[in-house]
Amino acid sequence: MLVMLAIFIAYMMRTYASTNPRLFPAGSYPTIFLAYFCSLSIVLIVPLDVSLTVFSRRSVDNEADFEDKSKLLVTMYVSFFLITQFGYNGLTFQEKYNKSGFFTVKSKIIDTVKYLATMGIAGLVAGIIFFSILVATNVVELSFDAVLLTIVLLSNTGGLAALMVLLGYGLVSFPQMLWMKGDLLRQLNQTQQQYASRHKRFGECEFDMKNTCAKIKNTAAELKTSPSEDPAVNEAILLIVKESSNTADFKSSNSCAEIASDKDGRITIPSLGALRSKLYYHSSSYEMAKGKVEEAKVKAFYYQDVLESKDRDDGLKRIVWSLGPESTERGYNFHVYVRPILFRIAAIICMIMSIFCYLGVIGTMHGVWKSTSVYATVVHDDSTSPEGICMFVVFTLLYPAYVTMWSIFQMKIASIMELLPGQKTTASSLSVNSRAIIRLSTPLVFFYLGWIFENGIKEGDWLNGAEGGTVGDDDAGDNRIMMSFAQFYQVCQ
């Protein structure tokens, strides 16, 4: 299963990651891959964990190897979790390092550390304010344990709140999106509107890029006329000019553009570093905007060609593709009839799955019967085999996991989370996305296990092992056999 996950992530990165080394440095591939792999591995271990735990409760004989297997699973959870936490900070550092406009490794590291220190201090101040409010309102006492509790609250609350928003949006919007894909005319109208808005954004990015290139040319002309006394400055501008010419073909010049100087009017390494960072930002935005326009154009051609094929005067069941050869009759039937129907069927299935997810949420509420959750009923049914439990959890857990990832992919925050297939996504965008997955993977599992009453919060007889078993002996004399994830979550969260 983990091998299949590695293949899936490699395929996804090949589909999205830009082939431009400036937009996607080689060093970003292993770090982003590892972030996705470890965070999603936590999700994929859960079906085995659920199957092992539920099966072990059914008889004393089934408890034989539970403790050893449970320790192994806890070790895997903790290992993947720690890697993702270190990886999260490493990705944050790498993102800023790649965006830094400075010219040496040392200066880039210093610039990155200064930025992260500033953000860290801001986060620390916010944490101190939050902790002070908790102490002032007598929620916690002034102690070291209270400090740890505050850190946990800040960490968990952010991830759980974000997950609730993403799932709340995705569980409704994802089936709706699939259903609307079955309406060809509506898809054409939406794609045309999308093309218009994206083309407008592309024009804005093109304007910003032209101004940046003009500023680079004017700065280079100024240094050519009056060379700096610092040889590093003269070398730096030549590098920036070379990078700007490789980034985009903007020949126009703006004589009104400023030069890259400091507040005293001097061209320095820091001012050129800021100019280079600006070039990186605008070139990335330009390439992404250009790719999104092309994507919308291809989609618009597709829907237009399919709709026009339905009204051909010659009556032939063929699609004359604008960007390819004419289709066969089988291809015509697929795109005109079969494909829309498949989207509608998928929408109905996903809608049912979303309803089951909401029933699982309702089942976790105080006073609601356990049988309200369809997922919990199936998992705890004595007639369900261990293999059946494992496959059922895989299917029902991957759906909210996929919906969550889909919801993240819909996010557009200052162009830093826009993902574009066709090898046109920047390292920064994919890195931010992978960090979001890191933050959400563990809370997602916690949410799902709540739907089947296995996250350690809601207790009942279903948690007890068989009479005579000793694996889960507690102070109350019950043989409580808890999932490995519940044990891990109490330690790491």
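We're numbering straight along the sequence, starting at 1.
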Before you tell me yes or no, could you show the steps for L444 and L167 under side-chain contact (heavy atoms from CB on, under 4.5 Å), namely the whole-Å CA-CA distance, both residues' side-chain angles and the distance that decides it to 0.1 Å? CA-CA 9 Å; L444 173 65; L167 271 179; 4.2 Å; yes
Let's go through S284 and T426 carefully: what are the C-alpha distance in whole Å and the side-chain angles of both, what is the deciding distance for side-chain hydrogen bond (donor to acceptor under 3.5 Å, both in side chains) to 0.1 Å, and is it a yes or a no? CA-CA 7 Å; S284 297; T426 64; 5.4 Å; no
[X] to [Y] - nearest heavy-atom pair and separation:
| X | Y | answer |
| --- | --- | --- |
| E454 | M483 | CB-SD, 3.5 Å |
| F55 | P386 | CD1-CG, 3.2 Å |
| T396 | M353 | CA-CE, 4.0 Å |
| A6 | F33 | O-CE1, 3.5 Å |
| S51 | I389 | CA-CG2, 3.8 Å |
| P47 | L397 | CD-CD2, 4.5 Å |

Does the side chain of [Y] come within less than 4.5 Å of [X]'s, by heavy atoms?
| X | Y | value |
| --- | --- | --- |
| L48 | C390 | yes |
| Y115 | D111 | no |
| C38 | I42 | no |
| V374 | I355 | no |
| M180 | Q190 | yes |
| S354 | V172 | no |
| E206 | K290 | no |
| D183 | P340 | no |

To the nearest 0.5 Å, tell me how far [X] [atom1] sits from [Y] [atom2].
| X | Y | atom1 | atom2 | answer |
| --- | --- | --- | --- | --- |
| L188 | L307 | CG | CG | 6.0 Å |
| Q304 | L185 | CD | CG | 11.5 Å |
| D305 | I319 | CG | CD1 | 8.0 Å |
| L184 | R339 | CG | CZ | 8.0 Å |
| E204 | D208 | CD | CG | 7.5 Å |
| I437 | F37 | CD1 | CZ | 15.0 Å |

Can the positive tip of K108 be found less than 6.0 Å from the middle of the six-membered ring of F102, inside 45° of the ring normal? no
Are [Y] and [X] an aromatic pair, judged by ring center distance below 6.0 Å?
| X | Y | value |
| --- | --- | --- |
| F202 | Y286 | yes |
| Y402 | F174 | yes |
| Y302 | H335 | yes |
| F446 | F485 | no |

Does any N or O in the side chain of [X] come within less than 3.5 Å of the main-chain N or O of [Y], such that one atom is a donor and the other an acceptor?
| X | Y | answer |
| --- | --- | --- |
| T384 | H380 | no |
| T372 | G363 | no |
| N333 | E329 | yes |
| R198 | K292 | yes |
| S173 | G170 | no |
| T191 | A300 | no |
| S277 | K99 | yes |

Side chains of [X] and [Y]: is there a donor and an acceptor less than 3.5 Å apart?
| X | Y | result |
| --- | --- | --- |
| Q85 | R439 | yes |
| S39 | T84 | no |
| N98 | Y280 | no |
| D381 | S383 | yes |
| E287 | H282 | no |
| T104 | S107 | yes |
| Y77 | D49 | yes |

If you count heavy atoms of other groups shown closer than 6.0 angstrom to [atom1] of [X], is the number above 12?
| X | atom1 | result |
| --- | --- | --- |
| F356 | CZ | no |
| K278 | NZ | no |
| F343 | CZ | yes |

Check S100, S431, S429 against E95 for a side chain to side chain donor-acceptor pair (under 3.5 Å) and give me the one that passes. S431
Pair Y169-W406, ring pair (Phe, Tyr, Trp, His ring centres under 6.0 Å): steps then yes or no: CA-CA 10 Å; Y169 165 77; W406 177 82; 5.8 Å; yes
Which class fits the ring pair Y448 and Y375: parallel under 30°, tilted 30 to 60°, perpendicular over 60°? tilted
Measure the acute angle between the ring planes of H199 and Y195, then classify it against the limits of 30° and 60° as parallel, tilted or perpendicular. tilted
Residues R318 and E308 bridged, charged N to O under 4.0 Å: no
From CA spacing to verdict: side-chain hydrogen bond (donor to acceptor under 3.5 Å, both in side chains), N433, Y36: CA-CA 9 Å; N433 183 271; Y36 276 121; 2.4 Å; yes
